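Reading through the structure tokens given below for one structure.
In the text below, chain A, chain B and the rest are named by the order of the sequence lines, each starting its count at 1. Here the structure is a predicted model, which is why all the values come from computation and not from measurement. Keep in mind that the numbers below use all heavy atoms, side chains included, and drop hydrogens, waters and symmetry copies.
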Protein chains: 2
Amino acid sequence: MGRVTLKSVAEAAGVSVSTVSNAYNRPGQLSAEVRQRVLETARSLGYAGPDPAARSLRSQRAGAIGLLFTERLSYAFSDPYSVGMLAGLSEVAEAHRTGLLLIPLASPDSSTPQDVELDADTMRQAVVDGVVAYCVDADHPARQVALDRGLPMASTIELDDDRQRYVLIDEDGAAKALGRHLRELGHRNVGVVVNSREPAGAATLLSADDEEDLYYDSRLRLRGLRQALGPQAQVTAVSAGHNSQEAGRTAARFLLDRPDRPTAIACTSDVLALGVLDAVKARGLAPGRDVSVSGFDDIPAARAADLTSVRQPIAEKGRLLGRMLLDPQFTQRKVVLDTELVVRSSTGPAPH
Amino acid sequence: MGRVTLKSVAEAAGVSVSTVSNAYNRPGQLSAEVRQRVLETARSLGYAGPDPAARSLRSQRAGAIGLLFTERLSYAFSDPYSVGMLAGLSEVAEAHRTGLLLIPLASPDSSTPQDVELDADTMRQAVVDGVVAYCVDADHPARQVALDRGLPMASTIELDDDRQRYVLIDEDGAAKALGRHLRELGHRNVGVVVNSREPAGAATLLSADDEEDLYYDSRLRLRGLRQALGPQAQVTAVSAGHNSQEAGRTAARFLLDRPDRPTAIACTSDVLALGVLDAVKARGLAPGRDVSVSGFDDIPAARAADLTSVRQPIAEKGRLLGRMLLDPQFTQRKVVLDTELVVRSSTGPAPH
DNA sequence: GAGAGGTTCTGTATCGTTCTACTAGAACGT
DNA sequence: ACGTTCTAGTAGAACGATACAGAACCTCTC
């Protein structure tokens with residue numbers, strides 16, 4: 001004897017399969033007493049309700065949306081910024097009674113072809129009605145698979161493709177506001193610490209090629225900063241790998257050791273900036289006086305550390321991504337969110 | 001014309017459906033050249049690979065495990081403790097190339113019957129091979145549904161049910177170690193701040209009944225503390241709602257205003273303790289000298305705040321939960337993890 | 001009392017796979 | 001030449017539900 005199915009319940013209750021199905025899905029279509037009897041026999045047989053896989057197949061709905069991350073999944077939970085987005089997204093999913101399927105990608109990016117093929121496979125496996133691609137490159141194979149499957153997609157990068165919708169932060173405006181702030185404070189020699197795709201390691205100066213290969217947002221932020229600081233400013237871009245405090249510390253030490261020490265260090269994320277603050281203090285320098293330090297994202301820890309940063313409506317970003325997939329009323333293809341420069345004591349006038 | 005399926009690819013390539021299926025799933029079963037041709041026609045037709053819903057139905061595997069949270073899903077991302085568990089769990093899921101489906105529960109606990117029914121429904125919907133029930137009460141309806149569906153389950157609470165496996169932290173031992181620490185420091189009047197199921201609000205003294213109704217871990221921690229502090233100590237248990245800094249602040253103000261102010265305030269979580277620290281400092285009192293404060297969990301922020309806490313191998317907890325569902329080699333039904341008391345400057349000798 | 005309209009319930013095709021059993025033919029050993 | 005084994009591929013029955021069309025029956029209406 002196999003497991004309990006609609007059919008066995010129908011037989012036991014003396015009704016047709018359709019009726020049992022309706023008892024679960026369309027209570028209005030049958031009399032209260034029959035429904036009652038059906039549900040009772042179901043319970044007595046230990047039937048746990050219609051099998052979701054079968055239902056998915058037949059009704060062509062999955063009842064879940066997928067979340068695609070470029071970074072390893074575990075990273076998603078350790079970065080406060082992603083966590084904020086997840087909170088917003090899950091809020092919407094919750095409201096629509098829709099599951100959220102985290103789709104693990106093996107390959108960060110430039111991995112072996114096998115890894116890439118595995119990623120594509122993983123995306124093929126996912127039982128979802130739509131996909132949020134969070135910081136996933138435009139040409140990532142998993143993204144292509146999702147599109148081939150005809151899944152609606154909402155991303156965080158600008159794309160010239162009618163099938164894809166996206167939510168952006170005004171990275172450029174944010175970076176420029178921060179750049180202007182630093183310029184007005186008199187900083188003409190600015191170090192910029194970015195997070196790169198490399199795992200971790202020694203701090204390195206970024207070549208023009210390296211800059212091209214940065215993450216979408218890091219690239220925009222660096223560019224905006226450059227523009228706002230103006231051609232007469234000296235900008236030194238440095239990376240020490242992934243987004244982490246450790247990378248920030250390493251990069252900061254590198255910058256502080258240079259013969260012409262920058263008077264300000266701008267970071268493309270708060271996590272990096274917290275590391276920079278560490279290193280600055282370890283040298284006995286006062287942030288905001290001897291060296292100005294700024295971050296990006298305004299995560300909770302930034303406020304605690306009195307770090308100048310750029311606040312982004314990150315939870316709102318998650319909510320909008322969710323609505324793009326779940327709320328039929330919501331039809332905008334592109335949304336750009338405003339940011340706000342939050343000046344705290346970690347930035348101050350450039351010392352002479 | 002409908003969408004592209006195995007069948008249409010088979011027709012176009014002039015082979016049988018089984019062969020196309022094999023081309024994707026069992027490369028060894030057919031000649032390289034036929035496989036090549038099949039995959040090419042598939043690509044040219046825009047076929048994105050076997051439909052996962054159909055595959056799930058037929059093969060009775062979902063390729064994903066579910067995560068059941070009692071708290072609202074968005075809470076999961078704002079609590080550093082859950083985040084740590086998620087990181088561990090997702091690490092294992094990733095390694096097994098398995099998705100992680102977050103299952104949103106509408107009702108925290110004692111909600112309307114409709115809500116409860118909705119929760120059960122949500123659990124019925126989930127296409128998963130197993131379920132991690134994280135801090136979900138033993139009698140929660142969603143848990144029952146999962147069991148009825150015959151899904152393997154791994155929880156964080158002790159259960160007397162052969163079908164369920166669990167990972168525990170030695171809450172009792174941890175609480176006792178902390179209690180001993182406080183007693184040795186001379187504290188005889190201790191306030192305990194717990195997180196309750198109530199949303200938020202004013203601080204209230206806990207009745208014996210209230211204590212029974214606390215979350216599993218809060219209950220154990222409170223009990224262990226009481227035991228270790230001994231019968232001669234006065235223990236005042238207070239709650240101000242959910243696990244949040246705000247609740248900690250509220251509860252602390254309440255305790256500090258009492259005629260016989262406690263010399264130590266122990267909290268059942270670090271998040272609460274951070275709020276307590278805030279309130280203590282706001283009163284101009286020095287933590288560790290005027291009032292000792294301790295937390296639980298040892299989240300990263302606890303170290304930064306120099307808070308005495310109990311370290312729990314939280315990521316390991318997540319990993320074990322994952323392995324219980326995914327790793328066939330792993331057969332233990334019950335695992336109890338050790339903890340470590342981390343003494344920092346927020347606790348000190350009781351003032352006379 | 002015939003037709004219209006509304007409930008309530010039924011029968012069956014269908015969703016897109018994978019699985020099991022089978023076959024035709026090649027290869028092999030004796 | 002004969003039986004056996006192996007390879008590459010096929011046919012058709014599941015998997016467990018939902019959608020859709022229609023049947024049976026009851027209630028009005030004129």
* Structure fact -> To the nearest angstrom, the CD-P distance between B:Glu33 and D:dA8 comes to 10 Å

* **Closest nucleotide among C:dG16, C:dT14, C:dT10 to the A:Ser16 side chain** => C:dT10

* In this structure, are over 12 heavy atoms from other groups packed under 6.0 Å from B:Arg61 atom CZ? -> no

* To do: Give a yes/no answer on whether the side chain of A:Arg35 brings an N or O atom under 4.0 Å of OP1 or OP2 in C:dC9.
  => no

* Closest to side chain of B:Thr19, choosing from C:dT18, C:dC9, D:dT10 -> D:dT10

* Structure fact -> note: A:Arg26, atom CZ; C:dT10, atom P; distance rounded to Å ~ 15 Å

* Whole angstrom value for the distance that separates P of D:dA14 from CG of B:Leu57 -> 14 Å

* **Check ion pair A:Asp121-B:Arg97 (N to O, under 4.0 angstrom)** => no

* Asked: Would one find a side-chain N or O of A:Gln60 under 4.0 angstrom from OP1 or OP2 of D:dA19?
  -> no

* B:Asn25 has a side chain; which of D:dA17, C:dT18, C:dC9 sits nearest to it? -> C:dT18

* Roughly, in whole Å, what's the span from CD in A:Gln125 to P in C:dT18? -> 10 Å

* To do: Tell me which of B:Ala54 and B:Gly14 sits closer to the 5' end of DNA chain D, going by the nucleotide each one is nearest to.
  => B:Gly14

* Side-chain donor/acceptor of B:Ser18 to base of D:dA11, under 3.5 Å -> yes

* **Charged N-O contact under 4.0 Å between A:Asp148 and A:Arg124** => no

* Once you round it to whole Å, what is the distance between C1' of D:dA19 and CZ of A:Arg61? -> 11 Å

* **Length of the line joining B:Lys7:NZ and C:dT17:C1', which is rounded to integer Å** => 12 Å

* **Distance test, side-chain N/O of A:Tyr24 to OP1/OP2 of D:dG16, below 4.0 Å** => no

* To do: Would you mind reading off the distance between B:Gln29 atom CD and D:dT7 atom C1', rounded to a whole angstrom?
  => 9 Å

* With respect to the phosphate group of D:dA17, does any side-chain polar atom (N or O) of A:Tyr47 fall under 4.0 Å of OP1 or OP2? -> yes

* Between A:Ser31 and C:dC9, does any side-chain N or O lie under 4.0 Å from OP1 or OP2? -> yes

* Asked: Are OP1 or OP2 of C:dT18 and a side-chain N or O of B:Asn22 less than 4.0 angstrom apart?
  -> no

* Rounded to whole angstroms, how far apart are CZ on A:Arg3 and P on D:dA14? -> 16 Å

* **Charged N-O contact under 4.0 Å between B:Glu40 and B:Arg43** => no

* Structure fact -> Side-chain atoms of A:Ser59 come closest, of D:dG16, D:dT18, C:dT17, to D:dT18

* Asked: Applying the side chain to side chain contact (heavy atoms under 4.5 Å, CB included) test to A:Ile65, which of A:Val92, A:Leu151, A:Leu101, A:Leu89 qualifies?
  -> A:Leu89

* Asked: So, is B:Arg58 close to the D:dA14 phosphate, meaning a side-chain N or O under 4.0 Å from OP1 or OP2?
  -> no

* Asked: Would one find a side-chain N or O of A:Thr5 under 4.0 angstrom from OP1 or OP2 of D:dG16?
  -> no

* To do: Indicate whether OP1 or OP2 belonging to D:dC15 is found under 4.0 Å from a side-chain N or O atom of B:Arg55.
  => no

* Student check: side-chain heavy atoms of A:Phe330 and A:Arg165 closer than 4.5 Å -> yes

